[in-house]
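Per chain, numbering begins at 1; letters A, B, ... match sequence-line order. Since this is a predicted model, take the numbers as computed values, not measurements.
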Number of protein chains: 2
Amino acid sequence: MTEVSATEIRRRGIPDATVARLPDYLRALTSMSGRGVVSTSSEALAAATGVGSAMVRKDLSFLGSHGVRGVGYDVTHLSVEIARALGLTRDWPVLIVGMGNLGRALAAYGGFAAGGFQLVALMDRDPAVVGQPVAGLVVSAMTALPALAAAPDTLGVITTPAHAAQEVCDALIAAGVTSILNFAAVTLNVPAGVDVRKVDVATELQILAFHKQQRSRAPQLAVAP
Amino acid sequence: MTEVSATEIRRRGIPDATVARLPDYLRALTSMSGRGVVSTSSEALAAATGVGSAMVRKDLSFLGSHGVRGVGYDVTHLSVEIARALGLTRDWPVLIVGMGNLGRALAAYGGFAAGGFQLVALMDRDPAVVGQPVAGLVVSAMTALPALAAAPDTLGVITTPAHAAQEVCDALIAAGVTSILNFAAVTLNVPAGVDVRKVDVATELQILAFHKQQRSRAPQLAVAP
DNA sequence: TAGATTGTTAATCGATTAACAATC
DNA sequence: TAGATTGTTAATCGATTAACAATC
């Protein structure tokens, strides 16, 4: 095994796989907190998130040493540390482009504010939609993009049809947006330095179908988690 | 390196990471086909999907040898092989529970039929919603679940609020559903043999925020892909 | 034959798991 | 002290990448 110094880990940062699980831990902790639980353990977090307890401990150890041996983790303290690590101690402006069914549903979704994400603009290309009120905001025209994405850390969400997504993506990048969540069913082409994550129902269903098919063919094997 | 026989690979099946990319390749091929492209290469597929060309070749090799050295891949033939591997040569019945904004948006989304997924039922707990027409179907009551999930390979989609999701999940499983796509912001507890995939906007935004924060702190480093 | 591109090997890298010393 | 649980190590496993022989 190769030696990895503490400095090296800090340089490389928290592993991607760990970062992807931190929101789950945070949600479990928030739920515990709401139920009045003040202290927890890697076993309890494991049960709540479906992750192994050894992995919970390893993940949390990347944030520093926030537990107490023989005792566990303080729910509030650990929540704060995870939120800090994820960058949730500030507000993040969010802008949604594409006010079709999905865009409207997302805009109406309450989960943004809870996590420190603030809807700052809703946009659409269709002049018939521009000016309409949606979720307490007024839909803006695409020409307003440079002004609306003025905040340097704006997160862009694309909910347009697939054929419009690349053009919208280019416009977002031109306006300075470098973090994009893409719901359109296309792979976006972006320059280095732009971070795109995709959410795609068709892909998820296809993966479920694949696993289901595997299980039908070899019913004695357990499903992969 | 450990020896892995061809038999062993067939037993273990296609790696999860590969399965997750197959839908991207299929989509790129479908797009090529629509543009009249009849032949392609691992380089072209790599450019279209943002995956390295070596990985494209390795992924495709798990499906068998469907390319021609020095020539490339036949677009139609490769599409068929990927669709076959994913289990898309048949129709998959899909059932959505939770007819709020998101559930309605998903029901209205056209992408289901295209991929061989067929909406067979929409359900909601609210009596005021039951009976309403949505996307050409009539919303059913939860009591109809056992009958509606009668087909053994029904894929269940949960678009309820978080607090109702576990209960709905249990009901789906009791009705025989073993493949679930969860849009609710909770970790679902399921027995072995049930496959759950989750789609969560808040988690995705938190991961984007984390990366963005990292880049602000060390702007000289490129972003992870 | 010369050029192109696959399929596969081997090396590397990153993620997971099990075990246990440290320590409350 | 006895029991519990973390934080860390080492082993294992799986995924990615680079290189290139095979072959059209």
Undergrad: With a 4.0 Å cut-off on heavy atoms, is A/Gly72 in touch with a base, just the backbone sugar-phosphate, or nothing at all?
TA: sugar-phosphate

Undergrad: A/Thr154 side chain to A/Ala150 main-chain N or O, any donor-acceptor pair under 3.5 Å?
TA: no

Undergrad: Does B/Arg21 put a side-chain nitrogen or oxygen below 4.0 Å from OP1 or OP2 of D/dT16?
TA: yes

Undergrad: Round to the nearest Å and state the distance from B/Ile14 atom CD1 to D/dA15 atom P.
TA: 12 Å

Undergrad: Decide yes or no on side-chain hydrogen bond (donor to acceptor under 3.5 Å, both in side chains) for A/Asp59 and A/Tyr25, but give the supporting numbers first.
TA: CA-CA 10 Å; A/Asp59 282 340; A/Tyr25 301 142; 2.6 Å; yes

Undergrad: Which part of the nucleic acid, if any, lies within reach of A/Gly52 when heavy atoms closer than 4.0 Å are counted: base, sugar-phosphate only, or nothing?
TA: nothing

Undergrad: How long is the line joining CG of B/Asp59 and C1' of D/dA15, in whole Å?
TA: 10 Å

Undergrad: Determine whether a donor-acceptor pair (one donor, one acceptor, N or O, separation below 3.5 Å) exists between the side chain of B/Arg69 and the base of C/dT6.
TA: yes

Undergrad: Whole angstroms only, please: what is the CG-C1' distance between B/Leu60 and C/dT6?
TA: 10 Å

Undergrad: Closer than 3.5 angstrom, by distance alone: can the side chain of B/Ser33 be matched with the main-chain N or O of B/Thr30 as a donor-acceptor pair?
TA: no

Undergrad: Taking only side-chain nitrogens and oxygens of B/Tyr73, does any of them come within less than 4.0 Å of OP1 or OP2 of C/dG7?
TA: yes

Undergrad: Using whole Å, what does the distance between atom P of nucleotide D/dA15 and atom CE of B/Met55 come to?
TA: 11 Å

Undergrad: Is the side chain of A/Trp92 donor-acceptor paired with the backbone N or O of B/Gln206 at a distance under 3.5 Å, no angle test?
TA: no

Undergrad: Let me know the distance between CG of B/Asp16 and P of D/dA15, rounded to the nearest Å.
TA: 6 Å

Undergrad: Taking only the side-chain heavy atoms of B/Val68 (C-beta and beyond), determine which of D/dT17, D/dC24, D/dG7 contains the nearest atom.
TA: D/dC24

Undergrad: Looking only at the side chain of A/Arg57 (C-beta and beyond, no hydrogens), which of the listed nucleotides C/dA19, C/dT6, C/dG7 gets closest?
TA: C/dA19

Undergrad: Please test B/Asp24 against B/Thr49 for side-chain hydrogen bond (donor to acceptor under 3.5 Å, both in side chains), starting from the C-alpha separation and ending with a verdict.
TA: CA-CA 6 Å; B/Asp24 291 344; B/Thr49 57; over 6 Å; no

Undergrad: The side chain of A/Ser65 is closest to which nucleotide in this list: D/dG7, C/dG7, D/dA15?
TA: D/dG7

Undergrad: Check every strand shown and say whether A/Ala17 touches a base, only sugar-phosphate, or nothing at a heavy-atom separation below 4.0 Å.
TA: sugar-phosphate

Undergrad: For A/Lys58 and D/dA11, what is the distance between atoms NZ and P respectively, to the nearest whole Å?
TA: 14 Å

Undergrad: Could you identify the nucleotide paired to C/dA22, looking across every strand shown and requiring Watson-Crick or G-U wobble geometry with both distances under 3.5 Å?
TA: D/dT5

Undergrad: Provide the Watson-Crick or G-U wobble partner of C/dA11, both distances under 3.5 Å; none if there is no partner.
TA: D/dT16

Undergrad: Does B/Thr178 offer a backbone N or O that forms a donor-acceptor pair with the side chain of A/Arg215 under 3.5 Å?
TA: yes

Undergrad: Rounded to the nearest angstrom, tell me the gap between atom CG in B/Leu45 and atom P in C/dT6.
TA: 9 Å

Undergrad: Considering just the side-chain nitrogens and oxygens of A/Ser42, establish if one lies under 4.0 Å of OP1 or OP2 belonging to D/dT5.
TA: no

Undergrad: If you assign each of B/Thr40 and A/Val71 to its closest nucleotide in DNA chain C, which residue comes earlier from the 5' end?
TA: B/Thr40

Undergrad: Atom CD of B/Glu43 to atom P of C/dA4: distance rounded to whole Å?
TA: 12 Å

Undergrad: On the nucleotide C/dT5, are OP1 or OP2 found under 4.0 Å from the side-chain N or O atoms that B/Ser41 carries?
TA: no

